[in-house]
Amino acid sequence: MSGVFLGMPAFPENAAAAVQDSQLRFNLRRATRTIRGKRAAVAGELPDWAALRDAGKQIKDHTLRNLDRYLLQLEEAVTRAGGRVHWAADAAEANRIVAGLVEATGETSVVKVKSMATQEIGLNEALAERGITAYETDLAELIVQLGDDWPSHILVPAIHRNRSEIREIFRERMGEWGRPAPEGLTDDPRALAEAARLHLRERFLASEVAISGANFMIAETGTLVVLESEGNGRMCLTLPRTLISVVGIEKLLPTWRDLEVFLQLLPRSSTGERMNPYTSTWTGAAEGQEFHLVLLDNGRTAVLADEVGRQALRCIRCSACLNVCPVYERAGGHAYGSVYPGPIGAILTPQLRRSGTVASRDRLPPSATRDLDASLPYASSLCGACFEVCPVAIDIPEVLVHLRAQAPHPRAERLGMRAAGWVFDRPVRLARAQRLGGRLRRFLPRRLPGPLSAWTDTRDIPDIPAESFRDWWGRTGGGTR
Amino acid sequence: MRVALFITCVNDTLFPGTGRAVVTLLRRLGCEVAFPEAQTCCGQMHLNTGYPQEATRLARHFTDVFAGYDAVVTPSGSCAAMVREQYPRLARAAPGPSFADAVAETAPKVHDLPEFLVDVLGVTDVGASFPHRVAYHPTCHSLRGLRLGDRPARLLGGVRGLELVPLPGAEECCGFGGTFAVKNPAVSAAMCADKVHNVMATGAEVLCAADNSCLMHIGGTLRRQRAGVRVMHLAEILAATEDDPGTGRGAKAGTGSGTGAGTGAAR
């Protein structure tokens, strides 16, 4: 994945700083709660939401089980329609292919449709190394790019920014990238959107190459589908002479019939709308246009081999789990050290990076994201809100617990867990431990030492009772004596 | 009906008053209560922290201990959810059919207290009296795991003198999450700050829940802040009557400090 996250500390450390950032907390609280409410309203108004959700799950599972077959069908259909299909095993190969295709056009700049796959592989940075400038055209991605920042949300990448911050970014940076912000720009959302429109319009008209991702690929016809709100995607997909789409292999759907389900699930789950403003579909190359499809694996087939973890590949990147997650709301997206933050990121990132496990520990240098990735499955209280809202019923808590079992455990924790297990193995040991605790209860300090100080930093410990329940039961026959 | 009480390790060790309240309540409703003394822990902490082997060992022990009872009642939504939802998964991963059979036999008979009262015994008025203003926190495993819905509210609605006030943001996690509370203390505390804020906004005297581990976290924060709001397990409120308002002290012979996870008021 993208190099910007290399060497980042583990989640708890990142989150500890984030929770004290009042501006971030304020922005996130407002934004997540607004979208959360909208999603709940539009999902709740469909009487067959549960059935749709189940259909979405079934279609994705079926496709993933037959991925080899459907991918070949897609390749054939895209080729037949005049497109060229490229296969990329990892990020480096995908970046190499895309850079080569852009260089072959003789252009040194490209416009981009918002795409998670290209962020996952760090495409913009890779293109920059080859002297190619990639211009983001989604409003929020533009804010992130102009601000030298990185995205903190899948759907609304600049969710951590409020409008006055955006105004500052536009005023200070737009000029360096193209048309400057208008004089006297205010932080009125309409004024900000208009400034972005003017800035981007020049870019659309001047660009010969566009790079996109896709929300869905339909195997039977070789059609790609992009859902968006702003119309920038439509501009990028239609104006330039060369279109390159980088798409994860799990984005496949067998037929147009299947798409019907997802065109209901995705907008309602992501933006909380009944329907998104722009839905673009294209099949192969349009007349006078060159079309390349780069099919990206980058760890996906390895995830597919894990019977529990593979359900993460059902994800349609709607972000409903982010917006409802109490941990995400307080820690923000950057704490997750990945383009995929929140609950889905906590299960997707370590799996795609093949990192954060005992097995991978020796393979990776400490400077990589291995400590961060090992901490991600623990970045959840397992409250289950993410599973409840997921439109394709990914049991995120189940995968989190599954990944925790593979993660390296701190020594003190391992010893503590082993000791607790030993005590719980025999009731007599538990009873003795309880009696010891009862006798020592007066000496228990108000602030506990070591890792347990994490409890007493913000909470009192309960009074230890003189007698455990089992001893009371034994002494009184359950209160009958 | 012969009912086995699964007290849970946390209640057994730290909140025996809750256990005594469950015994009092179930007897008052005509149940014969057994306490299989070989019980220890369901293994939830081990499983959720990434130690499935230890969890499986404890799960095997649990199914041995509780085989053969009509029903197993536990005053913890998360432990009930562990047995009902996670044991079948552990059984699928474990070799041999005997454990899977034991899980299939025992797990469906394990009930969280509100569920047992409403669904199995069919009561919502348990004859309790508790003249106080109470807010109820539904806890994640009860709400989204066991899907207890309005059962706790119906039980509290049947309590004489009790004024139930709605808790804003009730469905949001308090931030306990087992070892999450110490592995991610900053986020856990930030979540609890919001929960406590919402509790205070209700003007309630008592915060009630059906899981003492969540209450230990919220109650510990309330107590640290000298907020003067008490936390109580649902069982303790349901056990209280006009004749015996000393909730949590439960059956007559009880000793020790009663009420649940404890607050300034209880000290």
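Lettering follows sequence order; numbering is per chain, from 1.
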B:Arg27 versus A:Thr480, side-chain donor and acceptor atoms under 3.5 Å: no
Heavy-atom pairs under 4.5 Å with chain A, option from B:Cys9, B:Ala181, B:Gly50 with the top count: B:Gly50
Separation between CG of B:Asn48 and OH of A:Tyr378, rounded to the nearest 0.5 Å: 10.0 Å
Which atoms of A:Arg25 approach chain B - backbone, side chain, both or neither, heavy atom under 4.5 Å: side chain
Gap between atom OG1 of B:Thr40 and atom CZ of A:Arg429 - 0.5 Å precision: 10.5 Å
Nearest atoms (heavy-atom pairs only) where A:Ala379 meets B:Phe180: C-CE1, 4.3 Å
A:Arg435 versus chain B, the contacting section by heavy-atom distance below 4.5 Å: neither
Side chain to side chain, A:Pro12 and B:Lys183, heavy atoms closer than 4.5 Å: no
Side chain, backbone, both or neither of B:Arg60 within contact of chain A (heavy atoms, under 4.5 Å): neither
Candidate pair B:Arg20 and A:Glu467, rule salt bridge (Lys or Arg N to Asp or Glu O under 4.0 Å), full reasoning: CA-CA 12 Å; B:Arg20 293 195 294 274; A:Glu467 188 178 46; 5.4 Å; no
Part of A:Asp395 within contact of chain B (heavy atom distance under 4.5 Å): side chain
Which atom of B:Thr49 lies closest to which atom of A:His409, heavy atoms considered: O-NE2, 3.7 Å
Working for side-chain contact (heavy atoms from CB on, under 4.5 Å), residues B:His217 and A:Trp455: CA-CA 9 Å; B:His217 170 65; A:Trp455 179 272; 3.8 Å; yes
Heavy-atom pair count under 4.5 Å with chain A, highest-scoring of B:Asn184, B:Asp194, B:Leu5: B:Asn184
Side chains of B:Arg223 and A:Asp463 in contact at under 4.5 Å (non-hydrogen atoms): yes
Heavy-atom closest pair, residues A:Cys383 and B:Cys140: CB-SG, 3.3 Å
Toward chain B, the part of A:Ala16 with a non-hydrogen atom under 4.5 Å: both
Choice from B:Glu54, B:Arg89, B:His61 maximising heavy atom contacts with chain A below 4.5 Å: B:Arg89
Over 12 foreign heavy atoms within 6.0 Å of CZ, A:Arg30: no
Toward chain A, the part of B:Glu37 with a non-hydrogen atom under 4.5 Å: both
Side-chain heavy-atom pair A:Val327, B:Met191 within 4.5 angstrom cut-off: yes
Taking every non-hydrogen atom, the tightest pair across A:Leu430 and B:Thr13: CD1-OG1, 4.3 Å
Chain B contact via A:Val19 - which portion, at a heavy-atom distance below 4.5 Å: side chain
Test side-chain contact (heavy atoms from CB on, under 4.5 Å) applied to A:Asp425 and B:Leu58, step by step: CA-CA 7 Å; A:Asp425 274 342; B:Leu58 294 171; 4.0 Å; yes
Top of A:Ala385, A:Ala15, A:Ala331, A:Ala433 for chain B proximity - count of heavy-atom pairs under 4.5 angstrom: A:Ala385
Engaged part of A:Gln406 at the chain B interface, taking heavy atoms whose separation is under 4.5 Å: neither
Between A:Gly437, A:Ala335, A:Pro377, A:Pro326, the one whose heavy-atom pairs under 4.5 Å with chain B are most numerous: A:Pro326
Side chain, backbone, both or neither of A:Trp473 within contact of chain B (heavy atoms, under 4.5 Å): side chain
A:Glu13 portion near chain B, given a 4.5 angstrom heavy-atom threshold: neither
Contact residues of residues 417-424 of chain A (partner chain B; heavy-atom separation under 4.5 angstrom): A:Met417, A:Ala420, A:Gly421, A:Trp422, A:Phe424
A:Leu382 portion near chain B, given a 4.5 angstrom heavy-atom threshold: both
Structural part of B:Thr179 lying under 4.5 Å from a heavy atom of chain A: side chain
B:Gln53 CD: over 12 foreign heavy atoms closer than 6.0 Å: no
Heavy-atom donor-acceptor pair, B:Arg224 side chain to A:Arg459 backbone, under 3.5 Å: yes
Test item: A:Arg470 side-chain N/O and B:Ile7 main-chain N/O as donor-acceptor pair under 3.5 Å: no
Carboxylate-amine/guanidinium proximity below 4.0 Å for B:Glu172 and A:Arg36: yes
Atom group of A:Asp471 that falls short of 4.5 Å from chain B, counting heavy atoms: neither
Donor-acceptor pair, side chain of A:Arg330 and main chain of B:Ser188, under 3.5 angstrom: no
Heavy atoms from other residues, nucleotides or ligands near CD of A:Gln20 exceed 12 (cutoff 6.0 Å): no
Contact origin within B:Gln39 toward chain A - heavy atom pairs under 4.5 Å: both
Proximal component of A:Thr456, with respect to chain B [non-hydrogen, under 4.5 Å]: both
Criterion side-chain contact (heavy atoms from CB on, under 4.5 Å) on B:Val23 and A:Phe469, from CA distance to verdict: CA-CA 11 Å; B:Val23 174; A:Phe469 179 83; 3.9 Å; yes
Over 12 non-hydrogen atoms of neighbours within 6.0 angstrom of CZ in A:Arg432: no
